[in-house]
Amino acid sequence: MNVSVAPAAGGGGVLRADGEPARAVTDLAAEVRRLEERRPRWVWADTREVYPSLLAAGVRPARCHDLALTEGLLLAHEGRFGEPRSARAAYARLRGLPVPDDPHGPQARQATLFDEEAPEPDADLVAEVHADQLRRVERTADPHRFRLLVAAESAGALIAAEMARDGIPWRRDAHDELLTGLLGPRPVHGMRPARLQALADEVAAAFGTSFNPDSPQQILRAFKTAGVPVASTRARDIRQADHPGVEPLLAYKEMARFYSFHGWAWADQWVRDGRFRPEYVVGGVVTGRWATNGGGALQIHKLMRKVIVADDGWTLVVADAAQLEPRVLAAMAGDGGLARAAGQTDLYQALAQVFGGERDNAKIAMLSAMYGGTSGDAPKLLAVMRRRFPLAYRFVEDAAREGEEGKVVRSWLGRTSPPPSSGWRELVSGPEGGRAARDRGRFTRNFVVQATAAEWALVLMAVLRGLLPDPARLVFFQHDEVMVHCPAEQADEVIAAVGRAAEEAARLLFGATPVRFPMQAVAVRCYADAK
DNA sequence: ATTACTGGCGCC
DNA sequence: AAATGGCGCCAGTAAT
């Protein structure tokens with residue numbers, strides 16, 4: 001059963017179940033809770049608009065259909081990349097009305113919520129767009145797969161909202177201790193922390209002149225004046241210089257980044273009540289990976305992991321997929337040899353024999369194939385790969401060639417790559433055309449693998465969400481890694497659920513495949529203990 | 001004063 | 001000769 005939902009201000013809204021007339025309710029959350037027993041698929045314009053208030057009321061529906069996310073997937077598949085994807089835009093297109101632009105920028109959600117032009121809550125409208133989308137799904141290259149993609153993307157929207165609400169357990173006291181140990185006590189506003197200032201002073205002493213080590217221009221000038229010019233301010237270029245200022249400068253740069261990315265000001269903004277609550281953007285990356293809006297949740301520094309600690313009596317189950325992308329390639333390409341290697345826990349080790357006995361060689365060969373790498377030993381190793389794993393090799397080569405020709409490519413479930421930019425074709429026919437073509441080839445080559453890996457991870461999470469016992473909660477997701485916060489006594493059950501979810505995700509995407517997708521799951525008190 | 005871009009580097 | 005993909009975010013800087 002589908003139930004279309006249009007929320008209204010004040011906690012009410014309009015509901016419409018399939019085949020029934022729309023009806024207004026005064027307490028939407030209560031009504032959703034009541035109807036959830038019948039396991040409907042909730043259809044709404046945008047999970048980000050609807051779900052937070054339901055969550056606040058403690059309602060966590062099992063499944064939904066997010067019109068905006070689905071519209072984006074459909075438009076891309078239909079070759080209409082870039083058209084407005086909101087539910088209102090979709091409705092306007094259906095009706096031949098002026099199509100509103102998508103809200104964008106930091107005010108995106110406010111604009112969506114408070115736009116005075118917004119139509120009245122209308123469940124009929126939601127149902128109409130939904131029906132249209134279902135018809136369009138049937139016209140995709142593989143409707144069965146695309147339906148899974150839509151379901152997974154929509155589940156991702158639920159999970160993202162839930163994770164933003166639940167938050168990663170974050171110990172501010174431990175964070176402060178870590179920062180103080182590295183940088184010195186928290187400085188007054190506008191001052192450098194003591195350790196950072198000391199390093200800046202060391203740099204100044206080494207160069208015999210004071211300058212701002214945060215300024216790339218001033219760094220370049222300082223090295224030039226000292227008679228040891230550096231190619232850039234990249235750490236590896238600075239390291240080439242023979243000068244006493246190199247060491248303190250590199251130390252400064254490293255700490256300065258830490259201070260500004262993960263310092264006290266960051267914690268003031270993002271950590272509340274012992275939880276770090278980032279805002280995830282589902283499908284924020286063209287490949288279907290998630291992005292974040294502030295907080296930098298997908299770039300948490302490894303050092304920072306020691307401040308992510310389970311609540312008393314609780315535990316963190318941390319699980320990451322081992323070598324996800326080559327496994328995905330093996331399954332997609334149907335390459336028997338590679339699939340056999342991907343039946344092992346350590347895929348690269350299983351391939352070492354093929355590549356001269358070195359595990360590292362196997363890794364370089366696979367990564368070069370998936371990323372389009374050509375430096376170092378890559379050509380030699382790729383030649384081996386071409387001979388030994390011809391189907392996998394051809395799969396990524398085909399994707400690269402299509403990209404170079406300006407075509408779009410699709411993930412396993414049907415997510416479509418963006419077309420080349422408007423100026424690309426001219427660029428390709430110009431003097432630097434070969435480079436532009438190869439650049440795009442590398443992108444599409446990687447797209448098919450990265451996007452399918454993202455789909456596997458999304459399906460994994462959707463399945464896992466349904467298997468978790470209450471009150472265990474998904475609290476973190478980073479491309480191929482998930483974290484569950486749960487009572488300690490649930491750890492074994494959660495670890496088992498992760499394994500089952502991984503198997504189910506593989507089955508849902510690829511059916512019967514010899515490729516294994518092992519998840520290394522551990523229960524730890526502190527994130528830093530997971531690896 | 002505000003905005004847009006760049007270089008560099010963290011994560012996968 | 002060398003040529004790997006996807007991001008977010010910061011400070012500095014240039015442009016407005």
Side-chain angles (χ1 to χ4, degrees), chain A residues 105-106 192 196 211-221 230-239 249-250 252-263 265-266 269-270 278-281 283-305 320-326 328-329 363-379 381-382 396 399-400 403 409 411 415 417-418 432 434-454 456-457 476-482 527 531:
Chain A
R192 285 196 181 107
L196 213 46
F211 63 96
N212 179 5
D214 288 316
S215 165
Q217 290 179 359
Q218 293 182 40
I219 292 174
L220 292 177
R221 201 180 318 139
V230 292
S232 78
T233 58
R234 270 187 293 237
R236 65 162 186 266
D237 286 336
I238 288 176
R239 206 167 279 122
L249 178 59
L250 290 176
Y252 177 91
K253 280 164 62 77
E254 195 175 344
M255 288 216 181
R257 190 171 195 282
F258 202 76
Y259 173 57
S260 65
F261 269 67
H262 308 289
W266 174 89
Q269 187 177 356
W270 293 102
E279 185 180 332
Y280 295 94
V281 185
V285 180
V286 288
T287 56
R289 281 184 171 184
W290 290 11
T292 54
N293 248 345
L298 302 181
Q299 299 137 267
I300 297 176
H301 199 289
K302 290 207 167 154
L303 279 180
M304 208 52 86
R305 293 181 179 186
D320 73 313
Q323 305 138 356
L324 177 56
E325 294 190 345
V328 158
L329 173 59
K363 187 171 177 177
I364 290 168
M366 295 306 303
L367 293 178
S368 298
M370 294 185 297
Y371 291 166
T374 55
S375 62
D377 291 336
L381 296 168
L382 283 172
V396 286
V409 294
S411 68
R415 191 184 304 268
S417 73
E432 291 290 303
R435 181 181 170 79
R438 282 193 298 278
D439 283 350
R440 186 150 197 285
R442 278 195 301 279
F443 167 62
T444 52
R445 170 196 293 272
N446 183 249
F447 182 95
V448 294
V449 178
Q450 187 182 116
T452 304
W456 181 87
F476 185 50
F477 169 52
Q478 184 173 229
H479 310 312
D480 64 354
E481 177 178 5
V482 296
Y527 189 18
K531 278 178 190 160

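Chain naming here is simple, since letters A, B, ... match the order of the sequence lines and numbering starts at 1 in each. Predicted model, so just to flag it, every value in this text is computed and none were measured.
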Review point. What is the distance from NE2 of A:H479 to P of C:dG6, rounded to the nearest Å?
Key: 13 Å
Practice item. Under 4.0 Å between any heavy atoms, over every strand shown, what does A:G284 touch: base, sugar-phosphate, or nothing? Just pick one. Key: nothing
Point to revise | Side chain of A:T233 (C-beta onward), nearest among C:dG6, C:dA3, B:dG7 | key: B:dG7
Review point. Of the nucleotides B:dC12, C:dG5, C:dG6, which has the atom closest to the A:E481 side chain?
Key: B:dC12
Check your understanding: For the pair made of CD in A:Q269 and P in C:dC10, what is the distance, rounded to whole Å?
Key -> 8 Å
Practice item. Kindly give the heavy-atom pair with the smallest separation between A:Q450 and A:T287, and that separation in Å. Key: OE1-OG1, 2.6 Å
Review point. Is A:R305 touching bases, backbone alone, or none of the nucleic acid, heavy atoms closer than 4.0 Å?
Key: sugar-phosphate
Review point. Between A:T292 and C:dC7, does any side-chain N or O lie under 4.0 Å from OP1 or OP2?
Key: no
Practice item. Ignoring backbone atoms, establish whether A:R289 has a side-chain N or O less than 4.0 Å from OP1 or OP2 of C:dG6. Key: no
Check your understanding: Which is true for A:R257 with a 4.0 Å heavy-atom rule: it touches a base, it touches only sugar-phosphate, or it touches nothing?
Key -> base
**Study point:** Presence of A:N446 side-chain N/O under 4.0 Å of C:dT4 phosphate oxygens OP1/OP2
**Key:** no
**Study point:** Contact check, side chains of A:L298 and A:R289, non-hydrogen atoms, under 4.5 Å
**Key:** no
Check your understanding: In whole angstroms, how far is the P atom of C:dC9 from the CD1 atom of A:I300?
Key -> 12 Å
Review point. When the distance from CZ of A:R442 to C1' of C:dG6 is rounded to whole Å, what number comes out?
Key: 13 Å
Practice item. Using a heavy-atom cut-off of under 4.0 Å over every strand shown, decide if A:S375 touches base, sugar-phosphate, or nothing. Key: sugar-phosphate
Check your understanding: Across the strands shown, which category fits A:V286 at heavy-atom distances under 4.0 angstrom: base, sugar-phosphate, nothing?
Key -> sugar-phosphate
Review point. Using a cut-off of less than 4.0 Å, is there contact between a side-chain N or O of A:T287 and OP1 or OP2 of C:dC7?
Key: no
**Study point:** Separation of B:dC12 P from A:Y280 OH (nearest whole Å)
**Key:** 13 Å
Practice item. Pick base, sugar-phosphate or nothing for A:A235, based on heavy-atom distances below 4.0 Å to the nucleic acid. Key: sugar-phosphate
Practice item. Whole angstrom is fine here: how far is it from CD1 in A:I219 over to C1' in C:dC10? Key: 14 Å
Practice item. Answer yes if the ring centres of A:H301 and A:F258 are under 6.0 angstrom apart, and no otherwise. Key: yes
Exercise for review: Evaluate the side-chain proximity of A:R442 to A:N446: yes if any heavy-atom separation is below 4.5 Å, no if none is.
Suggested key: no
Check your understanding: Out of C:dT4, C:dA11, C:dG8, which nucleotide sits closest to the side chain of A:S260?
Key -> C:dA11
Exercise for review: Give one of base, sugar-phosphate or nothing for A:R435, where a contact means two heavy atoms less than 4.0 Å apart.
Suggested key: nothing
Practice item. Would you classify A:N212 as touching base, sugar-phosphate or nothing, given that sugar-phosphate means primed atoms plus P, OP1 and OP2, and contacts are heavy atoms under 4.0 Å? Key: sugar-phosphate
Point to revise | For the student: nearest non-hydrogen atoms of A:P418 and A:R440, plus distance | key: O-NH2, 2.8 Å
Point to revise | From C:dT13, C:dT4, C:dC9, nucleotide with atom closest to A:Q299 side chain | key: C:dC9
Revision key, fill the gap. Minimal heavy-atom distance between A:D237 and A:S232, with the atoms involved, is OD2-OG, 2.6 Å
Check your understanding: Counting only Watson-Crick or G-U wobble pairs whose two distances fall under 3.5 Å, which nucleotide matches C:dT4?
Key -> none
Study note, to complete from the structure: Which of C:dG6, C:dT13, B:dG8 is nearest the side chain of A:Q217? It is C:dT13
Review point. Is any side-chain heavy atom of A:M304 less than 4.5 Å from a side-chain heavy atom of A:W266?
Key: no
Exercise for review: Tell me what A:Q478 touches on the nucleic acid: a base, only sugar-phosphate, or nothing, going by heavy atoms under 4.0 Å.
Suggested key: sugar-phosphate
Point to revise | Whole-Å gap separating P (C:dG12) and CZ (A:F211) | key: 13 Å
Review point. If you look at every strand shown and take non-hydrogen atoms under 4.0 Å, does A:F261 touch a base, only sugar-phosphate, or nothing?
Key: base
Exercise for review: Could you state the atom-to-atom distance from CG of A:L367 to C1' of B:dC12 in whole Å?
Suggested key: 12 Å
